[in-house]
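Because only heavy atoms are used, hydrogens play no part in the values below, and waters and symmetry mates are left out as well, while side chains stay in. If you're wondering where the values come from, they're calculated on a predicted model, not measured in any experiment.
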Amino acid sequence: MVTPENLSGEIGGQREPQFDQDTSAMSVDMDSAIVLLGAGVTAITHPLLYVKLLIQVGHEPLAPTVGTTMFGRKVLYLPGFFSYAQHIVRVDGKRGLFRGLSPRIMSSAISTMVRSKVKQAIPSEQAEHVSNRDNLKTSLRKVVKETSHEMVIQCLSRIATHPLHVISVRCMAQFVGREVKYRGLFSCINKIFQEEGVGGFFVGVVPHVLGEVIFLWCCNLLAHLINTYAVDDNFSQAPAVRSYTKFVMGIAVSVLTYPFMLVADLMAVNNCGTVSRPWRRYQETGR
């Protein structure tokens with residue numbers, strides 16, 4: 001017999017799983033949206049990173065142009081991003097600007113999933129986040145705990161996605177010597193495993209992780225010290241200044257950690273089996 005008590009119990013028992021199911025579905029939708037957003041940003045910014053990598057490996061396909069400074073002195077200017085991109089389009093077409101994009105998109109998706117899983121494994125209350133703007137002058141102990149939590153997430157994410165970073169970098173570096181050794185994700189995985197073993201997927205991971213850890217700690221600590229001791233509460237624009245402190249510190253600290261990223265990218269393409277003309281020229285001429 002169905003009594004009002006049983007009916008209410010059944011309804012209450014059905015509502016709670018439905019709420020959990022809706023919460024889980026919402027979380028999945030949010031993760032999917034973040035993955036799609038990350039893929040879009042990665043695709044848009046890929047030509048810029050592609051040109052940066054070719055400059056890092058020393059590829060100089062265009063002669064420098066003669067120009068003058070504001071004081072009238074003649075100097076030589078290296079080609080900029082748009083000139084470099086136009087050269088890539090002339091050689092490989094517009095699709096050539098997106099060489100090595102697919103491993104980067106997969107890397108972005110895996111990074112998002114790893115971050116989500118780590119945040120679920122380590123609850124936010126244990127990390128003692130200090131992102132609340134109403135309590136900016138928190139203790140240094142809480143800042144250290146938050147940065148340590150972010151460091152664990154960043155390190156695990158980098159280690160999980162570094163093999164795809166190596167594949168992407170090698171695919172892009174092939175433009176220098178016009179090789180076709182690294183084509184297709186599974187083909188690249190097979191070649192690297194056969195020639196270098198498992199260690200080949202993690203070439204350059206140490207400077208990459210070290211650079212990101214230094215960047216994270218310097219950025220968070222400097223932002224905390226500036227917001228706590230340099231920005232006066234009596235200043236009317238103090239909240240606005242504090243909201244941009246970490247962003248400005250990130251730009252400044254990135255200059256310090258850039259050598260680590262440069263070394264990581266060069267280690268990923270060094271001795272990978274491709275005939276790179278700049279490397280050969282350097283070995284022959286020393287410049």
Side-chain angles (χ1 to χ4, degrees), residues 40-105 107-108 165-183 203-204 207-208 210-212 214-215 218-219 244 247-287:
V41 173
T42 300
I44 294 173
T45 59
H46 184 75
L48 181 62
L49 296 179
Y50 185 17
V51 171
K52 184 188 76 170
L53 177 70
L54 295 180
I55 295 175
Q56 286 177 337
V57 300
H59 186 44
E60 300 176 0
L62 302 175
T65 58
V66 180
T68 57
T69 63
M70 59 182 300
F71 301 104
R73 186 167 60 91
K74 290 185 177 182
V75 293
L76 293 176
Y77 289 101
L78 293 174
F81 166 74
F82 293 103
S83 300
Y84 221 123
Q86 290 176 359
H87 171 73
I88 295 174
V89 171
R90 285 194 299 267
V91 176
D92 284 345
K94 293 182 179 179
R95 294 182 60 183
L97 289 173
F98 300 95
R99 181 195 292 259
L101 175 61
S102 56
R104 290 196 64 233
I105 291 179
S107 175
S108 176
H165 174 76
V166 172
I167 293 174
S168 177
V169 167
R170 294 186 178 184
C171 289
M172 291 186 285
Q174 285 186 140
F175 177 83
V176 178
R178 311 302 302 156
E179 295 93 2
V180 291
K181 179 179 179 179
Y182 297 98
R183 299 184 63 181
V203 176
H208 212 158
L210 186 60
E212 291 183 350
I214 294 175
F215 173 85
C218 291
C219 185
Y244 289 102
F247 174 75
V248 176
M249 288 298 99
I251 297 176
V253 175
S254 63
V255 177
L256 174 65
T257 59
Y258 175 76
F260 293 93
M261 308 304 168
L262 175 62
V263 171
D265 290 341
L266 293 181
M267 290 178 65
V269 300
N270 193 26
N271 296 326
C272 65
T274 59
V275 182
S276 180
R277 293 168 188 167
W279 291 112
R280 175 176 294 179
R281 184 188 66 184
Y282 176 79
Q283 292 174 357
E284 293 175 353
T285 64
R287 59 183 178 85

Under the side-chain contact (heavy atoms from CB on, under 4.5 Å) criterion, do H59 and Y84 qualify, and how do the steps go? CA-CA 10 Å; H59 186 44; Y84 221 123; 3.5 Å; yes
From D92 CG over to F98 CZ, what is the distance, rounded to the nearest 0.5 angstrom? 12.5 Å
What is the minimum heavy-atom distance between V169 and D265, and which atoms define it? CG1-O, 4.0 Å
Answer yes or no: is there a side-chain heavy-atom contact under 4.5 Å between L76 and T65? no
Tightest non-hydrogen contact, residues L62 and S83, listed as CD1-O, 3.6 Å
Within the side chain of Q174, is there an N or O that forms a donor-acceptor pair under 3.5 Å with the backbone of Y182? yes
Ignoring hydrogens and angles, tell me if any N or O in the side chain of T68 forms a donor-acceptor pair with the backbone of K74 under 3.5 Å. no
When rounded to the nearest 0.5 angstrom, what distance separates CD in Q86 from CG in L97? 10.0 Å
Where T257 and G211 come nearest, the two heavy atoms and their spacing: CG2-O, 3.5 Å
With a cut-off of 3.5 Å and sequence neighbours excluded, list every side-chain donor-acceptor pair involving residues 46-55.
| residue | atom | partner | partner atom | Å |
| --- | --- | --- | --- | --- |
| H46 | ND1 | R104 | NH1 | 3.2 |
| H46 | NE2 | R99 | O | 2.7 |
| Y50 | OH | R99 | NE | 3.2 |

Rounded to the nearest 0.5 Å, how far does SG of C219 lie from CD1 of I214? 13.5 Å
Are P103 and H165 packed together at the side-chain level, in the sense that at least one heavy-atom pair is separated by less than 4.5 angstrom? no
Contact summary for V203 and R170, nearest pair of heavy atoms: CG2-NH2, 4.4 Å
CD1 of I88 to CE of M172: how many Å apart, nearest 0.5 Å? 10.0 Å
What I'd like to find out is whether the side chain of V66 reaches to under 4.5 Å of the side chain of Y77, using heavy atoms alone. no
Separation between OG (S107) and CG (L101), nearest 0.5 Å, reads 11.5 Å
Less than 6.0 angstrom separating the ring centers of H208 and F260, yes or no? no
State whether the side chain of S254 and the backbone N or O of I251 hold a donor-acceptor pair below 3.5 Å, judged by distance alone. yes
